[in-house]
Amino acid sequence: MSVQSDVEMLSIQVLEEYTKVHHLSEREAVDLFRKYQVFEKLILQHEYLHQLDFSETIQYVEEIIAQKSTILVLYHGSNIAFDQIDLSKSHNKRDFGRGFYCTILEKQAQDWAHRLYMRNFSGGEYVYQYVFHQTDTLKIKHFNALDKEWLEFIKENRMKGGIQHSYDVVIGPVADDNTMETVQLYMSGVLKAEEAVERLRYNKVNNQVSFHTSLALKQLRFEHRKEVSHV
């Protein structure tokens, strides 16, 4: 079982239990999990949670929600040292549309920086740390699984370019080296959505958080930048 499908299964089990214990509708529970980034924090603590009893995992989620924190630490990897984010310089035809891409996983940001450096052989390998304050004023789209909606969303943005949606921020899995072959087969019509989703269940998938508007960037606070040695 892949990390992605494993985390998805754990998320579903925890969500169902939390919904039952607190007598909530599924919609109400999902909104709480998204507001306090429970899904993202389950990914971050995946290996640790595997060592716990399920009741302890539920307690961990209870503590997250009780803290009522809408803060999420994010990382961005680049071969360029910059001081200000300029959305007009963002690459086109990306998963979630033209925007500024971060991740909750520092190692993933390091990999992005290394890949960009090796591709361009210029600049350096820089990892930026930000703090994102998720507010109710932002329109945020969450993808918690590699499903048909995620596939179609990526297809629209990658094939048409620009931003094919009206969200300020999008959070979800990455169509990277582990998944791109399947995504491309779906985009070209070789695979149907159901076939592509079934294939994707066995891929290790990383996380990305993309910012698409100046309103979203106002909630992203720069913490620091470090240069990673490429020797």
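Checking D53 against S55 by side-chain atom types alone, a donor-acceptor pair falls below 3.5 Å. Side chains of E152 and Y186: a donor-acceptor N/O pair is present below 3.5 angstrom, by distance only.
Looking at D31 and K35, no side-chain N of the basic residue comes within less than 4.0 Å of a carboxylate O on the acidic one, giving no salt bridge. The existence of a salt bridge linking D111 and K107 is confirmed by a sub-4.0 Å separation between a basic side-chain nitrogen and an acidic carboxylate oxygen.
In this structure, CD1 on I64 lies 9.0 Å from CD on Q37, to the nearest 0.5 angstrom. Between the CG atom of N79 and the NE2 atom of H114 there is a distance of 12.0 Å, given to the nearest 0.5 Å. For the atom pair CD1 of I43 and CG of L105, the computed distance is 7.0 Å after rounding to the nearest 0.5 Å.
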Applying ring pair (Phe, Tyr, Trp, His ring centres under 6.0 Å) to Y126 and F82, what does each step give before you reach the verdict? CA-CA 10 Å; Y126 302 100; F82 59 84; 8.7 Å; no
Quick one, Y18 with F33, criterion ring pair (Phe, Tyr, Trp, His ring centres under 6.0 Å). Give me CA distance, side-chain angles, the key distance, then yes/no. CA-CA 10 Å; Y18 189 88; F33 274 43; 5.5 Å; yes
What's the verdict on ring pair (Phe, Tyr, Trp, His ring centres under 6.0 Å) for F211 and Y130, showing C-alpha distance, side-chain angles and the deciding distance? CA-CA 12 Å; F211 296 79; Y130 296 90; 8.1 Å; no
Worked verdict on H133 versus T135 for side chain to side chain donor-acceptor pair (under 3.5 Å): CA-CA 6 Å; H133 182 204; T135 69; over 6 Å; no
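Taking all atoms of both residues into account, the shortest heavy-atom contact from C102 to W112 is O-CH2, 3.6 Å. Between R94 and N157, the closest heavy-atom pair is O-CB, 3.3 Å. The minimum heavy-atom distance between I104 and L44, with the atom names listed, is O-CD2, 3.4 Å. Here the closest heavy-atom approach between residue S90 and residue G99 is recorded as OG-O, 3.0 Å. Closest approach of Y36 to K41, counting heavy atoms only: O-NZ, 3.3 Å. Residues E156 and Q164 come closest through the heavy atom pair O-CG, 3.4 Å.
Cluster annotation: V21 and I65 are assigned to distinct hydrophobic clusters (Ile/Leu/Val/Met/Phe/Trp/Tyr, side-chain heavy-atom contacts under 4.5 Å, transitive). Placement of F39 and L24 within a single hydrophobic cluster is found when ILVMFWY residues are connected by side-chain heavy-atom separations under 4.5 Å, directly or transitively.
Inter-residue side-chain proximity for F132 and L138 is flagged as met; some heavy-atom pair is nearer than 4.5 Å. Residues R158 and D95 meet the side-chain proximity criterion, which asks for heavy atoms closer than 4.5 Å. Taking the side chain as every heavy atom from C-beta outward, K141 and E149 approach each other to under 4.5 Å.
Here the rule is side-chain hydrogen bond (donor to acceptor under 3.5 Å, both in side chains) with Q129, and of E223, H224, H76, K226 only H224 fits it.
In this structure, the side chain of E8 engages the main chain of L146 through a donor-acceptor pair within 3.5 Å. The backbone N or O of N207 sits less than 3.5 Å from a side-chain atom of T103, completing a donor-acceptor pair. The backbone N or O of G172 sits nowhere less than 3.5 Å from a side-chain atom of W150 that would complete a donor-acceptor pair. Here the side chain of E106 pairs no donor or acceptor atom with the backbone of Y75 at under 3.5 angstrom.
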